[in-house]
Amino acid sequence: MSRVLVILGLLVTAAPAGADSTAAGSLSPVIGQGARPQCSTAKYQPTDGYRCPPAAMAAAVLANGKVLFWDGLEGMNNVDMSVVAEFGDVAQNDQSRVASFYGNSASFTTPGNQSADGNGSLAEPPDPLLPGGAGIVDSPGNDYDLFCSPLVQLADGSILAAGGTKYYLEPGVTDPTTGKSYGVSELQGLKATRIFDPATNSWHNIKGADLNFGRWYPTMVTLANGHVFIASGVTKLIKPLYTDGRSPFDSGRNVVETETYDPQAQKWTLNKSALPGADPTLGDASQQSLPLFARLHLLPDGHVYYDAAGQTFNPAGEAYDEAGWVNAKVYDPATQAWRNLTANTATGLPLVDNLPVGFRGSGFDVMLPLRPDASGAYTKAQVLNGGGVVGPTPGNYLGDTSTTINTIDTANGDALTSTNGPTLLNRRWYGSAVVLPDGEVFVTNGADRDEVDLPGSGTPVLQTELIDPVAGTSTAGPSLDSAHGRTYHNTAILLPDGRVLIGGHAPIATAYGFQDDTGHDVLGLSSAESDSTFQIYSPPYLSYGPRPRIEDVQSWTPNNSRLKIESDNAASIGKVVLVRNPAMTHLTDGDQRTVELRITGRDDDEVNVAVPGASVVPPGPYMLFIERPVTVNGAQKWIPSVSRQVFVGSATTSLSGSTVQSTRSVRVAGSPAPTPARHGGRAIAIRE
């Protein structure tokens, strides 16, 4: 079921010449998965059934410190002439892996049921365009894909992935001489509910817990009570015309119905509000038209905030009502109702590219650290979004350089203030952003133009950036290896030791046509092949001096409690933060949050902090960092410790998978911490 691969650190990428590593940080050598060299070509065609290792299109840090990740668009190397005409036939269910990263090296294992393919038996039927479904070609092996399913950390540390992708041709025909089929590809959203259990290193399906609507590209957010809210997604991407009894207004747009999942009952429930819909096409106020992978965040008052941003997928995936996506919105789980927010701008819309136009597409969107006020209350949330493209369809083609900081005042009815943030140093479409424990934001990956509008036409953005939202600055960081530009379907996540794991790149074939390496090899454009390698970024704080150390802390704590942290550095600790374990796909982590805890007392070897309520810290796994201040070039900076895993919520929670019957707690506090990165130009081999 699993095997450990030999990993080789191939290349080293240093900071730019003359750069100060204390300001820029540094990058590790490229870390591979032991792939055959031929896997670096766009049309690699193995004759022995070998499948190249997966690219990290989605990634999550597990409570045991390992990283779960899975692929996207696997089988693109099998396209000969046209993605539209062929991919519904040649696509493959994407693979997943679990990795352990130590220093500049890693080991990889293959989970049980690694494609999460319905335990090898379950498959959803095509949703036909016309009654009867005449002419559909539904090829085996590509109809239960994890691709485009959102993921969240459940309270017990298991991973929930909902929705996903089914591929087929509609209409389609099969060549009887070759067995290959051609037609018009369709990507159908699944109703699947799947769990990855770190204890068994395996995927399984929660049978009888299907979504009420098939969803491709939805967003999930954990609510204060531990339930999971899901919104948007689309049931059919290319031909969204439905004959399954839903409202006639639902054809031609994304799923407007929202649902909530109860992990204990293992059931999705359609939300229903007593308030009317915001327009006549909506049945009630629980329904809302949102973009694919809408950028959603849980606010300190328990509301779900939509940051007027999402994934643009043109020239398919448009919606006839997308003009409404420009409004920021909040959803109240108590009333199950949405309402628009009015910003402090001339149009009432958030700023994008320095103008009050509202919508940002295909850009990063992260909640900045939540901080308590003088009384210990959390009454404001700030969300930083940047890059991408401006506006919904048709939007613009070139990547943007602007950022926006939207502040939501939860003590005053979620009042919205929108201001311009620091300007990026690079045009960056599809860049990934990570909020570091010290409050700065690391930005990496992406292209200089929209590679969904025209795949393969962009130049990879290799330079990383470090944004200081408080100082309003952007600092150039080291550049990614030139052979590993990561444009479409990339990830970046914070590791427990305070470094950042960078991975991914799973592109669409050039111009939706055939696979070819010429654009990259000759013109320096993005690679046509997927990239299964990683690099690790070490932030500047790793070079500031000795790190504080957490000697001991309990592995779980309830909300609204006091937490004691033992540390020999207690007297110097000025900041304690909880960072929710990352779970990222398509630039989106619906549960992403960093929470500064109020220090309530200390002595020589112990720091006491207040853990806030569940709307600030929803139930689940968190990385706990303690930080000490230091002065660098006349400015105050922070040095974080290696984190300790802490569960917030109940001490024992039941796993959500149907195959698990018992209630258990997850004990991780005593697990060894990863070692800090060591940099150098040497090959690193790992034992088999």
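Computed from a predicted model, the values in this text were never measured in an experiment. Worth knowing before you read on, the calculation uses all heavy atoms, side chains too, and leaves out hydrogens, waters and symmetry mates. If you read the sequence from its start, that first residue is 1, and numbering goes on from there.
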**Q.** Verdict with supporting geometry, Val98 and Lys66, side-chain contact (heavy atoms from CB on, under 4.5 Å)
**A.** CA-CA 7 Å; Val98 173; Lys66 298 180 181 180; 3.8 Å; yes
(Q) Within the 4.5 Å heavy-atom criterion, are Tyr306 and Ser232 side-chain neighbours or not? (A) no
Q) Atom CG in Leu296, atom CG in Asp591: separation rounded to 0.5 Å? A) 10.5 Å
(Q) List the residues meeting side chain to side chain donor-acceptor pair (under 3.5 Å) with Glu465, not counting sequence neighbours, and say none if there are none. (A) Asn426, Arg428
Q | Derivation of the side-chain hydrogen bond (donor to acceptor under 3.5 Å, both in side chains) call for Thr533 and Arg486 | A | CA-CA 10 Å; Thr533 67; Arg486 307 178 189 275; 2.9 Å; yes
Q | Lys/Arg-Asp/Glu bridge criterion (N-O < 4.0 Å) met for Glu566, Lys564 | A | no
Q) Do Ile536 and Phe101 pass the side-chain contact (heavy atoms from CB on, under 4.5 Å) test, and can you show the C-alpha distance, the side-chain angles, and the key distance before you say yes or no? A) CA-CA 9 Å; Ile536 300 178; Phe101 291 92; 4.0 Å; yes
Q. Pairs in or reaching into residues 56-65: which pass salt bridge (Lys or Arg N to Asp or Glu O under 4.0 Å), with residues at least two apart or in two chains?
A. none
(Q) Could you go through Met623 and Leu578, starting from their C-alpha distance and side-chain angles, then the distance that decides it, and tell me whether this counts as side-chain contact (heavy atoms from CB on, under 4.5 Å)? (A) CA-CA 6 Å; Met623 298 182 289; Leu578 285 172; over 6 Å; no
(Q) Can you confirm whether Lys575 is buried at NZ, in the sense that more than 12 heavy atoms of other residues, nucleotides or ligands lie under 6.0 Å from that atom? (A) yes
Q.
Strictly distance-based, threshold 3.5 Å: is any side-chain N or O of Arg593 a donor or acceptor partner for the main-chain N or O of Leu298?
A. yes
(Q) List the residues meeting side chain to side chain donor-acceptor pair (under 3.5 Å) with Asp373, not counting sequence neighbours, and say none if there are none. (A) Ser375
Q. Within a strict 4.5 Å, meaning less than it, do heavy atoms of the Tyr331 and Val221 side chains meet?
A. no
(Q) According to ring pair (Phe, Tyr, Trp, His ring centres under 6.0 Å), does anything in residues 561-595 pair up with another residue at least two apart or in another chain? List the pairs. (A) Phe147-His586, Tyr217-His586, Phe293-His586, His489-His586
**Q.** Partners meeting side chain to side chain contact (heavy atoms under 4.5 Å, CB included) with Ser572 (sequence neighbours left out)
**A.** Asn569, Arg628
Q | Under 3.5 Å donor-acceptor, Gln114 side chain and Ser96 backbone | A | yes
Q: Kindly write out the residues that satisfy side chain to side chain contact (heavy atoms under 4.5 Å, CB included) with Thr557, not counting sequence neighbours, or none if the list is empty.
A: Gln554, Ser561, Leu563, Val611, Val646, Val648
Q) Looking at Lys637 and Glu440, does any basic side-chain N land under 4.0 Å from a carboxylate oxygen? A) yes
Q.
Could you walk me through whether Thr407 and Gln382 satisfy the side-chain hydrogen bond (donor to acceptor under 3.5 Å, both in side chains) test, starting with their C-alpha distance in whole Å, then the side-chain angles of each, then the deciding distance to 0.1 Å, before giving a yes or no?
A. CA-CA 4 Å; Thr407 302; Gln382 289 189 311; 3.1 Å; yes
